[in-house]
Every structure is written in structure tokens, then in C-alpha cells.
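Scroll down for the structure; my scribbles are underneath it.
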Amino acid sequence: MRLEIGFGTKPQICDLPDKNVIGILHPNKVDLPEKGVSVVEAALRHPIGTSRLAEIVKPGERVAIITSDITRPVPSYKILPPVLNELWQAGITPADVTVVFALGSHRRQTQDEMRKLVGKAVYSQIRCVDGDPGDIVHMGTTRLGTPVDITRVVAEADRRIGIGNIEYHYFAGYSGGAKAIMPGVSTRAAIQSNHSRMVLPEAAAGRLEGNPVREDIEEALAYCPLDFIVNVVVDEHKEIIHAAAGHAVEAHRRGCRFLDRLYRKEISERADIVIASQGGAPKDLNLYQTQKALDNAKHAVKNGGVIILVGSCKEGLGEDVFEEWMTNSKSPMEMVARIQQDFQLGGHKAAAIGLVLKSADIYLVSEMEPALVASIFMKPFSTVQAAVDAAFARWGENATALIMPYGGSTLPVVV
């Protein structure tokens with residue numbers, strides 16, 4: 001079997017015996033009759049688990065709309081206008097509304113970035129601010145001890161609306177929903193408490209029930225409720241292909257089920273060898289981005305097997321904190337232990353790699369220097385074919401293989 005595997009701007013070709021390949025995991029085909037803003041408008045007309053937004057808010061109420069910052073692929077400039085139209089129908093005025101960017105532990109944004117995110121028209125009439133972890137209101141504590149400390153403009157609002165996108169999240173199960181509140185507009189201490197549980201086996205992509213990270217996030221809503229959410233699923237071009245609006249949990253679950261229709265891939269068994277690519281440029285510019293395919297691939301590989309991670313990584317590791325953790329740790333488990341005591345954005349992806357290395361070897365096909373790759377606990381290769389040959393040499397001629405051409409998007413599930 002001749003395979004084309006995404007790698008930077010020029011795919012790599014490799015050959016595998018047909019008898020060894022037990023699956024090629026492409027996204028599922030789903031009929032999409034509509035795309036874009038009309039999908040959001042339809043969701044607002046038919047909310048899940050609540051009345052229409054125009055029937056929930058009352059004239060004169062202070063409304064906080066929480067949306068994602070510049071690091072997330074949320075087309076806020078498309079979602080906000082129909083949401084605002086609902087508010088205007090309810091008698092809300094622009095002076096009553098504040099758009100709050102959920103920074104989590106990310107940096108503050110420039111005014112130009114805010115304008116780009118919401119669009120010029122919205123920016124010109126609505127107050128837009130970053131969440132401020134230095135000005136918070138303590139609203140409670142979850143059963144796991146996570147402080148529900150919320151940026152004041154959100155905590156003191158009469159109504160709260162969460163906007164976000166839904167994709168697989170490698171320890172919260174899925175993005176979206178209550179994540180607008182926790183960690184979106186909470187504090188570093190809250191994020192540390194919640195995210196430190198990412199090392200537990202139940203904290204996994206595609207898992208909601210029994211996931212301690214997700215359950216802790218949603219418990220925060222008991223103290224700081226979301227009155228309404230609008231969550232979307234976007235394609236690779238950031239076009240909206242699905243929207244779920246209404247109750248913060250019920251609507252989120254509906255959106256998650258749609259995502260599963262697209263990207264959940266059922267497999268009958270794990271493989272000895274998994275070949276996973278981000279699909280090429282621009283998603284594999286560095287290891288920080290390429291890690292996403294690795295974390296999905298771990299669900300498809302046997303214990304003790306090999307993941308062949310394919311990504312150009314021509315820009316190297318890609319993030320300063322991630323690089324420090326990867327290059328200064330003495331072992332993979334040191335990174336895992338560290339994240340439980342000192343959650344840092346960037347370090348969390350290093351810890352995620354450490355968790356994969358507990359149960360599988362990683363052969364990295366990249367443009368990175370082999371010595372650097374070897375120093376971060378992976379085996380370096382320059383071609384997919386060389387990595388495949390090495391994996392079969394280790395596992396033997398009867399080894400099974402699974403291919404994940406778009407590993408960052410597809411989630412394997414053993415059934």
C-alpha cells in the first residue's frame with residue numbers, strides 16, 4: 001500500500017504491506033446543508049434547554065458576553081452580530097453590553113487584536129475588554145478545591161453569555177461550554193487546581209462523564225452561571241458548519257455529539273504501529289502544534305507500541321515554556337510530576353508528551369536536528385519510510401498498523 005502522508009508543504013510517500021494496515025482514519029462524511037452565519041441564526045431561533053435569548057434578558061440588565069481570545073479559532077466576528085440582534089430585540093442597549101475575552105493564562109491582547117476578533121462594527125459600539133485576573137470576585141469553591149474566582153466584569157453582570165468553539169480537548173474532553181467561565185475568566189490558581197488533574201486517566205479527549213477536569217469546570221457554573229451559550233464547530237477554513245445555542249451543558253452536549261459524527265473514529269483494536277500526521281502545513285510548523293496529533297494517536301496504539309509522529313516542525317519546538325520543559329527535564333515522568341505542582345501553559349503539552357511516553361515509543365519524522373529530538377526522549381527520522389521500516393524491524397513482519405492522516409482532528413475509540 002502506497003500512502004501519502006502530510007509533511008509541511010510537500011507530502012511524504014511511504015509503502016506498507018496491505019495485510020498489515022488495519023485502518024486509515026479519515027474524517028467521516030457528514031451532510032452540511034448550510035454553513036456560516038445562517039447556522040448561528042438558526043441555532044438562536046431554536047435554543048436547546050432554554051427560552052430564546054431575547055426572552056431571557058430584560059431591559060437595563062448588564063450583559064457580559066464571554067468569547068475566546070486570539071489563540072482560539074472562534075469566528076467571534078460572525079457569531080456576535082446575530083447574538084447582539086437578539087439582545088436588541090429584548091431592549092438591551094450597546095451601553096449595557098461588555099464583550100470579555102477569556103484569556104485563561106494567556107497574555108493580554110492589543111486593541112487591534114480585539115478589533116480583529118469582533119469585527120469593526122461591533123468594536124465601534126460595544127465595550128471590549130480582556131478578562132482581568134487581578135480584579136476578581138470570589139464566588140465559591142468546588143468540591144475538588146478549585147476556587148471560583150471570576151473577573152469582576154463577569155461576576156457582577158446580570159446576564160452571562162458564553163461564545164466558543166467545540167473541538168476535542170485532550171484532558172477536558174471537549175472545548176467549549178463552561179470553559180468560558182473556567183478557566184476562561186478565572187485565575188491562575190483556579191487553572192492550576194483544575195488542570196493539575198490532566199494526568200488522571202479519566203481526563204481524556206472525547207470524555208465528559210467521569211472526567212474530573214470537565215466535571216470540576218461545570219461545577220463552577222453553580223457559583224457563576226452562564227445564562228446562555230452559542231458554541232460552534234468550524235471546519236479547516238474556520239467556516240461555521242454547526243452551532244448549538246442555549247443551556248450551558250445541554251447545548252454543549254449537542255455540539256459535542258455533532259463533532260463526534262465528524263471526527264470520532266471507531267476501531268476494533270489498537271495497533272502495534274500508529275502513523276499520525278497533522279496533515280501538513282501550517283498545522284505542523286512546530287512540535288507544540290504537532291503534539292495534538294500525538295495525543296489523539298495514543299488512543300490507537302497498543303501498550304508498548306510505536307507512534308510515528310509526522311510533522312515538519314521546521315520552526316523547532318515552537319514555544320518558550322514548552323521548550324524549557326522538554327529540554328531541561330531529566331525524564332518524561334519528571335514533566336508529569338512537575339505539572340501537578342506548577343501548571344504552566346506550554347509545560348502542559350510537555351507533560352502530555354510525557355504521559356504518552358509512559359506507554360509508547362515516539363518516532364518523530366521532522367526537519368529538527370536529530371540530536372535535539374533524541375534529547376527530548378524521541379527517536380529521530382527524516383522520512384516516514386525510514387521510521388516505518390524501523391518500526392517493523394522492531395515489531396516484526398506481522399505488526400499491525402493504523403494510519404491517521406489528520407491526527408489532530410480524528411479521535412480513535414476502541415469499540
Side-chain angles (χ1 to χ4, degrees), residues 62-77 79-80 83 97-119 122-123 126-139 146-157 160-167 169-172 174-196 198 213-214 216-218 220-221 223-226 229-232 234 238 248 288-289 318-322 339 342-349:
R62 295 168 298 172
V63 179
I65 303 177
I66 308 156
T67 192
S68 296
D69 67 2
I70 200 72
T71 68
R72 298 289 183 259
V74 181
S76 300
Y77 65 97
I79 302 170
L80 280 168
V83 170
V97 180
T98 303
V99 171
V100 185
F101 295 101
L103 297 184
S105 57
H106 304 164
R107 66 162 175 82
R108 298 186 70 82
Q109 302 177 119
T110 67
Q111 295 298 311
D112 285 344
E113 287 172 332
M114 293 183 188
R115 184 183 298 106
K116 178 181 179 181
L117 286 171
V118 303
V122 171
Y123 187 81
I126 303 295
R127 178 186 176 218
C128 297
V129 300
D130 282 335
D132 184 357
D135 184 18
I136 60 99
V137 176
H138 178 67
M139 304 183 77
T146 299
V148 185
D149 294 335
I150 305 300
T151 192
R152 187 173 300 276
V153 67
V154 173
E156 295 183 347
R160 307 178 190 95
I161 301 167
I163 289 176
N165 76 307
I166 298 177
E167 57 187 357
H169 188 284
Y170 60 100
F171 58 85
Y174 300 77
S175 63
K179 283 181 97 273
I181 295 292
M182 172 77 70
V185 289
S186 53
T187 61
R188 178 167 287 277
I191 296 168
Q192 168 66 42
S193 174
N194 176 263
H195 286 18
S196 66
M198 66 176 283
V213 174
R214 169 56 65 172
D216 192 51
I217 287 169
E218 292 183 346
L221 295 181
Y223 303 97
C224 184
L226 277 170
I229 67 167
V230 182
N231 279 184
V232 301
V234 300
K238 295 189 180 181
Y288 192 77
Q289 293 176 323
E319 201 273 341
D320 290 343
V321 176
F322 176 65
I339 201 68
D342 179 28
F343 180 85
Q344 293 185 40
L345 191 70
H348 70 305
K349 287 204 172 188

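- By the 4.5 Å heavy-atom criterion applied to side chains, Asp130 and Met114 are counted as neighbours.
- Counting heavy-atom neighbours within 6.0 Å of Arg127 CZ, excluding the residue itself, gives a total of 12 or less.
- Across every non-hydrogen atom of Ser68 and Gly164, the tightest pair is OG-CA, 4.5 Å.
- Counting heavy atoms from C-beta outward, Asn165 and Val232 have side chains that approach closer than 4.5 Å.
- Without hydrogens or angle criteria, Asp69 side chain to Phe101 main chain gives no donor-acceptor distance under 3.5 Å.
- Panel note: side chain Thr151, backbone Asp132; a donor-acceptor pair is recorded below 3.5 Å.
- Side-chain contact between Lys179 and Tyr174 is absent, with no heavy-atom pair separated by less than 4.5 Å.
- Using modelled atom types, no side-chain atom of Arg160 and backbone atom of Ile66 make a donor-acceptor pair closer than 3.5 Å.
- Side chain of Asp149 to main chain of Ser186: no donor-acceptor pair is present (N/O by atom type, distance under 3.5 Å, no hydrogens or angles).
- Of all the heavy atoms in Ala180 and Ala102, the pair that sits closest is O-CB, 4.1 Å.
- Scored by the ring pair (Phe, Tyr, Trp, His ring centres under 6.0 Å) test, Tyr77 finds no partners at all (sequence neighbours excluded).
- Tyr223 has its side chain out of reach of Ile181: every pair of non-hydrogen atoms, C-beta onward, lies at least 4.5 Å apart.
- Formation of a donor-acceptor pair under 3.5 Å by the Ser196 side chain with backbone atoms of Ser193 is found in this model.
- A donor-acceptor contact shorter than 3.5 Å is absent between the side chain of Arg188 and the backbone of Gln344.
- The aromatic rings of Phe322 and Tyr288 sit perpendicular to each other, their planes meeting at more than 60°, with 30° as the lower class boundary.
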